[in-house]
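Take a look at the structure below.
Below, read A as the first sequence line, B as the second, and so on, with proteins coming before strands; counting in each chain starts at 1.
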Amino acid sequence: MKAPVTTDALLYLNGVTVSFDGFKALDELSLIVEEGELRTIIGPNGAGKTTMMDVVTGKTRPDAGEALFRGFADLTRLDEPEIANLGIGRKFQRPTVFENLTVFENLELSLADSRATWATLFARLTPDHHDRIAATLARIGLTALSDLPAGALSHGQKQWLEIGMLLIHDRTLLLLDEPVAGMTDSETEETAELILDLAKDRTIVVVEHDMAFVRSLGARVTVLHEGSVLAEGSIDHVQNHPRVIEVYLGR
Amino acid sequence: MRKTAWSPGFWACFFGCGLILAIAIPAFNLLVPPNSPAALPDYLVPLLGKYLCYALLALSLDLIWGYAGILSLGQGAFFALGGYCVGMYLMRQIGARGVYGNPLLPDFMVFLNWQQLPWFWWGFDHFAWAAAMVVLVPGLLALVFGWLAFRSRVTGVYLSIITQAMTYALMLAFFRNDMGFGGNNGMTDYKDLLGWDVHQPSTRLGLYLASVVALGLGYLLCRFITASKLGRVLLALRDAESRVRFLGYSVTNAKLFVFTISAILAGIAGALYVPQVGIINPSEFSPGNSIEVAIWVSVGGRGTLSGAVVGAILVNAAKTWLTGAAPETWLFVLGALFVLTTLVFPHGMVGLLRRARWIRPRAPAPVPAGEQA
């Protein structure tokens with residue numbers, strides 16, 4: 001038996017390895033995210049960004065390594081709903097809102113409330129819930145569309161709805177997978193502001209390709225390459241790092 | 001204000017239909033003189049009762065298929081199990097009036113030279129025991145089967161195939177004489193139910209009314225579930241299952257819950273069906289029966305509870321009429337109906353009606369949710 005790890009970090013990954021049919025999507029990845037941090041993760045296609053999120057949210061079980069949340073919760077042993085209920089929220093690369101439910105109902109399902117099947121059968125919306133949904137609708141600018149099926153929203157509106165769904169639950173750690181993919185420039189700008197605003201009272205990890213967007217967040221950057229960390233630091237540090245230049249431009 | 005599932009309009013429709021089924025139909029049967037053209041002959045009462053049992057069965061499938069995306073092609077198995085539980089009670093009620101006059105053993109056991117009642121027949125001489133089994137046997141089977149399937153995340157067509165295999169396996173098992181359920185012939189020649197002669201028109205009317213009540217209560221239960229927050233969780237997982245998990249809901253538990261409720265409703269439908277048709281045999285387990293239920297639901301309108309009821313009643317009425325008028329055409333008509341529904345009106349008859357209602361007002365309705373193919 002290994003000695004138990006003690007860590008103060010909110011998210012602690014150590015030596016995480018995931019292989020699919022011999023291909024190592026993650027190769028002894030180690031990553032520490034402190035509480036309250038805003039972190040951006042960049043890397044070329046196939047660098048393991050999405051797999052890393054899959055490990056943290058319980059979708060993929062690593063072959064080796066440790067993944068701890070708050071220093072005690074072993075993410076390699078819990079399933080998706082259990083991890084979500086610890087306070088880890090995820091926004092997918094492709095916006096996935098519930099298309100046949102209205103915007104309001106999408107937010108209703110995301111409220112921080114009991115998730116037990118029996119409790120949902122008898123759940124009633126309290127005035128407090130209504131206030132929180134109204135506040136979130138205002139924050140993501142969808143108040144007027146609240147009774148529209150989410151499937152009828154534009155791409156950018158779906159992305160915001162999905163962020164709203166994470167917001168309303170008040171989670172500790174948000175994982176955002178390419179939050180501005182497919183957005184117009186002005187939508188991207190608004191999203192950056194929204195994320196900076198959100199980062200004031202929670203920990204956020206953003207995976208992104210758009211370098212202008214990463215720069216506008218002004219956060220610590222981790223570069224992934226072939227399943228492990230290549231460089232870490234400020235955006236300027238990373239952009240001038242010889243290995244990063246080689247990986248991004250060299251071939 | 002947001003729409004509520006329990007508006008006065010809904011209750012008006014619900015009780016309106018209830019009045020027609022529970023008061024008008026018995027009145028035409030009992031009060032109108034039998035030789036009048038408006039009279040409802042006695043033989044039609046159990047037939048209507050049978051349709052209502054099918055409607056409850058269709059409702060049970062619509063709850064899981066229309067709302068949670070679980071296409072069970074083994075729904076007939078739960079129906080047949082409920083039916084067998086009542087069949088066993090009715091067999092025990094025959095007592096010494098059987099052909100062999102054995103007070104304890106049903107005729108088929110005497111015929112097989114069995115000396116004593118198998119342990120699993122114990123208690124079936126009591127109605128309360130049989131009624132409890134009608135709920136427990138399908139419910140427990142669904143609970144165990146569903147737990148294994150949903151925990152392993154078997155979904156979509158794979159789930160349909162294993163439910164189909166389940167009902168097929170049960171059919172083969174029940175065909176065997178040494179299972180102790182009457183084998184090939186099943187159970188029939190019932191005499192009485194709770195002391196009433198099952199052949200009497202009054203008993204049949206009573207069974208019909210019991211079916212009306214069961215369908216009504218089943219409908220309200222399904223509406224309660226689908227209108228609750230759990231109903232929205234189900235719709236959400238039907239469309240994006242993994243997203244629901246990342247929100248923190250247990251997809252396994254939610255599915256298991258509706259699957260079990262649905263099996264219990266199907267069992268109750270089967271329990272009311274058997275005394276009205278007077279026989280239960282293993283062919284009720286046949287996979288074709290379960291597939292037919294899916295056709296009733298899709299013709300009526302999948303994902304609308306009223307659609308399941310309407311579809312089951314209309315398709316079966318058409319079947320009764322056509323198998324009398326031109327028996328060889330029925331299967332072609334059924335197949336054509338299914339193809340037509342899928343291609344031309346995917347939301348079924350109720351979907352067609354709703355669309356017609358939306359066309360009338362001048363202001364364009366908000367973009368309907370339209371299912372992505």
For a side chain to side chain contact (heavy atoms under 4.5 Å, CB included) check, start with the C-alpha distance between Ile195(A) and Phe213(A), then their side-chain angles and the critical distance, and finish with the verdict. CA-CA 11 Å; Ile195(A) 291 175; Phe213(A) 174 70; 3.7 Å; yes
Once the angle between the rings of Tyr219(B) and Phe10(B) is folded into 0 to 90°, is it parallel (under 30°), tilted (30 to 60°) or perpendicular (over 60°)?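 Taking Phe10(B) first and then Tyr219(B), their aromatic rings lie parallel (interplane angle under 30°).
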Shortest non-hydrogen contact from Leu217(A) toward Leu38(A):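 Of all heavy-atom pairs spanning Leu217(A) and Leu38(A), the closest is O-CD2, 4.2 Å.
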Please enumerate all residues that pass ring pair (Phe, Tyr, Trp, His ring centres under 6.0 Å) together with Phe145(B), with sequence neighbours excluded.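 None.
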Report the C-alpha distance between Ile295(B) and Val297(B) in whole Å, list the side-chain angles of each, state the deciding distance to 0.1 Å, and finish with yes or no for side chain to side chain contact (heavy atoms under 4.5 Å, CB included). CA-CA 5 Å; Ile295(B) 298 179; Val297(B) 173; over 6 Å; no
Sort by residue number and list every residue of residues 174-181 of chain A having at least one heavy atom under 4.5 Å from chain B.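 The residues closer than 4.5 Å to chain B amount to none at all.
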Close approach to chain A in residues 220-229 of chain B, criterion heavy atom under 4.5 Å: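 Within residues 220-229 of chain B, the residues that come under 4.5 Å of chain A (heavy atoms only) are Phe224(B), Ile225(B), Ser228(B), Lys229(B).
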Sort by residue number and list every member of residues 243-253 of chain B having a non-hydrogen atom under 4.5 Å from chain A.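 Hits under 4.5 Å: Arg243(B), Val244(B), Arg245(B), Phe246(B), Leu247(B), Gly248(B), Tyr249(B), Ser250(B), Asn253(B).
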Charged N to carboxylate O under 4.0 angstrom, [X] versus [Y]?
| X | Y | value |
| --- | --- | --- |
| Glu82(A) | Arg115(A) | no |
| Asp54(A) | Arg90(A) | yes |
| Arg153(B) | Glu80(A) | yes |

Can you tell me if [X] uses its side chain to pair, donor with acceptor, with the backbone of [Y] under 3.5 Å?
| X | Y | answer |
| --- | --- | --- |
| Glu99(A) | Asp239(B) | no |
| Thr341(B) | Val299(B) | no |
| His129(A) | Thr126(A) | yes |
| Glu208(A) | Asp210(A) | yes |

In this structure, which one of Val207(A), Ile42(A), Leu26(A), Thr222(A) forms a side-chain contact (heavy atoms from CB on, under 4.5 Å) with Lys49(A)?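 Of the listed options, the one satisfying the test is Val207(A).
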Under 4.5 Å, counting heavy-atom pairs only, tell me which of [options] racks up the most with chain B.
| options | value |
| --- | --- |
| Leu86(A), Thr120(A), Thr57(A) | Thr120(A) |
| Ala84(A), Gly58(A), Pro81(A) | Pro81(A) |
| Asn85(A), Leu121(A), Thr96(A) | Leu121(A) |

Heavy-atom distance under 4.5 Å to chain B: side chain of Leu101(A), backbone, both or neither?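 Side chain only.
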At a 4.5 Å cut-off on heavy atoms, which part of Asp113(A) comes close to chain B: side chain, backbone, both, or neither?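 Just its side chain gets close to chain B.
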Let me see the working for Thr17(A) and Lys24(A) under side chain to side chain contact (heavy atoms under 4.5 Å, CB included), right down to the final yes or no. CA-CA 7 Å; Thr17(A) 301; Lys24(A) 280 193 174 163; 4.1 Å; yes
Take Arg232(B) and Glu108(A) through the test side chain to side chain contact (heavy atoms under 4.5 Å, CB included) and record every step on the way to the result. CA-CA 9 Å; Arg232(B) 293 187 280 285; Glu108(A) 180 200 357; 2.7 Å; yes
